[in-house]
Amino acid sequence: MQNLLLSYYGDDLTGSTDVMEALELGGVPTVLFMHQPDEALLSQFSHCRAIGLAGTSRSETPQWMDTHLKRAFAWLKTLNAEICHYKICSTFDSSPTIGSIGRAVEIGRSVFSQDSVPLVVGAPQLKRYTAFGHLFAAYREKYFRIDRHPVMSRHPTTPMDESDLLIHLSRQTDLSSGLVDLATLQSASRSEAFDRLLADGINIVLLDVDSLGSQALAGKEIWRVRRPGGAFVVGSSGIEYALLAEWASNHTVRAEPSFSPPGAADRIAVVSGSCSPTTERQIRHALTDGFDGIEVDPIELVSEASGDAIARAAAVGRASLEAGRSVVVYTALGPAADRGAEIDRQEGARHKLGRGLGELLRELTIEQKLQRVVIAGGDTSSHALGQMGVDALTVRMPLPASPGSPLCVAHSRVKAIEGLEIALKGGQVGTDRYFCAIRDGLGG
C-alpha cells in the first residue's frame, strides 16, 4: 500500500461511510474495512489512497477505548498515511462515560507521540458550523446552537447541553485546549497564530469552520503542519472536506469522480434501531409507499427470548418479500417510543439490539437473494453490519439529497453478501423519502 493520503478510524459506521463518501466525491479512491484486514484482503485495494477502519467508539466507554482504540490507532500508524483522522460525529455528542472524545484524543496523542492535535468539527456540507468555538447545526431547514437543537440537546445517551466545544471537552479530559477563531483564521496572521498554539504545547487546537472559505483555510493549515510518519487529527468529515479543498488547490488530487446510477431494486429490506424523529418520518412515509412495517419489541430483542423475536420478524418479512413488497423492521417510531432507559438496565443491551437486527437482515438477505438493503441508526449500523459477514465497503454512489449516507457495495467472503448494495443512515440523515428513494435508485 503506497502513497496513502489519509487513514481514519470512524467512531461509528455511518460516520465512517460519511468520510468515505467525501473522499470519493473529491477523487480519492477509498476503502472502509469492518475489521483490521489481513494482507490478502488489504492487497485487493492497493489502488486506494485512503483507508478507513469502521469502529463503535461513539457508544463505548473510556475503558473500552483504552484497549480497542489504542490497538486500532497503532495499526493505522503502520500505514504511514500523511494524515490519520479519528472521525467523530459533526454534532459532537459525547460524554465522559460514553463516546469520550477527550479520551480518544489522549490515546491518539500517546500512540502518535504528538503534543498538539488539530480539531475540526464544522462541515458546511452537512449544515454544521463552528463560530468562536460554538457549534451550530441545522434541523428541518432551521439553524440551532447545538445545546438548543431540538434533537441533539435531547439525545437519549449523550445529550449536548453545552455549545462551547472546548468547555464540553474539558469535562472529558484534563488536556489543555485553544482556538483558532474565525477572525484569526481569516486574517493575515492565521499561520502565525496556529503555530504559536502548537509551539506553546496546547494539546487540542480547534479551528473554526463556518463556510467553504474558512474550511479551505483550515485544510491549508492542517496540511501545512503535517509531519513525516503521519499527523493525528480529530474531527468530523469536515476534516476531509477541508483537506480536499487544499489537495485540489495544490494539485495533490487530480482525478474526476464518476458514478453510474444504480437503478431501481424490485424490493429491499430496511432495519432500524433509530429513535430519531427524522427516521420516524422516513418510516411513516415508507409505509404509505409500498413498504410493510414490522415492529419488533426492543426489550424482547435484547432478552433471552431474542431468538423468538428474530424468528417471528423473519417470518413476517419473508411473507412480504415473497409477495414482492419491501419491508422496514423497526424497534421504535420516534422519540416517544424510545425505551432506552429500560434497555440500559442490561449491560451491553444496545449492542445486542444492533446485532439482533443484523442477524435478522442477514437471514432475509440470503434467503430472499436481496440486492439492496438499508440499516438506519448510527449506533445500530456498526453492530448490525458486524452480523452480515461484510469485510469491507466501497462507494457505489453518493446520494446528493442525503450527504453523509452513500449507497455502498459490500465486499465479503460470504458469496450471498458479496456485491450487496448497502445504505447506512444516521438518525438525522435524509429526506422523508429516503427509504423509498433508495429502493427506487433515486438518491434521496
Side-chain angles (χ1 to χ4, degrees), residues 8 10 12-34 37 41 44-54 87 125-126 237 240 244 255-272 282 326 358 361-362 364-366 368-378 381-382 384-386 388-426 429-431 433-444:
Y8 70 95
D12 71 3
L13 187 53
T14 56
S16 302
T17 56
D18 175 16
V19 168
M20 182 167 60
E21 177 185 54
L23 289 166
E24 287 279 356
L25 282 169
V28 179
T30 304
V31 59
L32 174 64
F33 292 109
M34 300 301 103
L41 180 59
Q44 295 178 34
F45 302 94
S46 58
H47 65 287
C48 290
R49 299 198 69 190
I51 289 177
L53 187 62
K87 197 278 178 184
Q125 294 83 355
L126 305 179
S237 56
E240 279 68 34
L244 285 165
E256 290 291 332
S258 176
F259 305 96
S260 59
D266 59 346
R267 65 219 161 107
I268 70 170
V270 178
V271 295
S272 171
Q282 292 162 345
S326 295
L361 184 59
R362 176 189 169 106
L364 292 175
T365 298
I366 293 176
Q368 297 296 313
K369 297 180 173 57
L370 299 179
Q371 302 299 309
R372 189 175 300 165
V373 299
V374 182
I375 304 175
S381 295
S382 301
L385 200 65
M388 296 285 289
V390 175
D391 296 316
L393 293 173
T394 51
V395 171
R396 172 67 178 84
M397 190 184 79
L399 307 177
S402 304
S405 59
L407 186 62
C408 301
V409 174
H411 303 270
S412 174
R413 295 176 176 88
V414 180
K415 185 177 180 180
I417 301 298
E418 171 67 24
L420 178 68
E421 294 179 345
I422 303 179
L424 303 144
K425 188 198 83 70
V429 172
T431 66
R433 290 203 70 251
Y434 182 86
F435 299 140
C436 302
I438 293 293
R439 177 197 59 197
D440 300 338
L442 302 178

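Of all the heavy atoms in Leu393 and Met20, the pair that sits closest is O-SD, 3.4 Å. The shortest heavy-atom contact between Gly426 and Thr14 is N-CG2, 3.5 Å. Nearest heavy-atom pair, Ile438 versus Ile268, reported as atom, atom and distance to 0.1 Å: CG2-CD1, 4.3 Å. Of all heavy-atom pairs between Gly10 and Ser16, the closest is CA-OG, 3.2 Å. Across all non-hydrogen atoms, the minimal contact from Ser405 to Leu399 is O-CD1, 3.0 Å. Nearest heavy-atom pair across Met388 and Thr365 is CE-OG1, 4.0 Å.
Put simply, the side chain of Ser412 gets close to the backbone of Gly389: a donor and an acceptor are under 3.5 Å apart. Counting only distance, with no hydrogens or angles, the side chain of Gln282 and the backbone of Val429 share a donor-acceptor pair below 3.5 Å.
Taking the side chain as every heavy atom from C-beta outward, Leu364 and Arg362 never approach each other to under 4.5 Å. Side-chain atoms of Asp440 and Arg433, non-hydrogen and from C-beta on, do get closer than 4.5 Å to each other. Side-chain atoms of Val374 and Phe435, non-hydrogen and from C-beta on, do get closer than 4.5 Å to each other. Two residues are said to be in side-chain contact when any heavy atoms from C-beta on lie closer than 4.5 Å; Pro398 and Glu21 meet this criterion. Between Val19 and Ser237 the shortest side-chain heavy-atom distance falls below 4.5 Å. Leu32 places a side-chain heavy atom less than 4.5 Å from the side chain of Leu13. No side-chain heavy atom of Thr17 sits under 4.5 Å from any side-chain heavy atom of Ile422. At least one side-chain heavy atom of Lys87 sits less than 4.5 Å from a side-chain heavy atom of Asp18.
Rounded to the nearest 0.5 angstrom, Tyr8 OH and Glu240 CD are separated by 7.5 Å. Taking CG of Leu370 as the start and OG of Ser326 as the end, the distance is 8.5 Å to the nearest 0.5 Å. Interatomic distance, CZ of Arg267 versus NZ of Lys369, reported as 9.5 Å (0.5 Å rounding).
Within the structure, the salt bridge (charged side-chain N to carboxylate O under 4.0 Å, His left out) test picks out the following pairs touching residues 404-423 (sequence neighbours left out): Asp38-Arg413, Arg372-Glu421, Asp391-Arg413, Arg396-Glu421.
Of the candidates Val31, Thr394, Leu23, Thr30, Val31 is the only one forming a side chain to side chain contact (heavy atoms under 4.5 Å, CB included) with Cys48.
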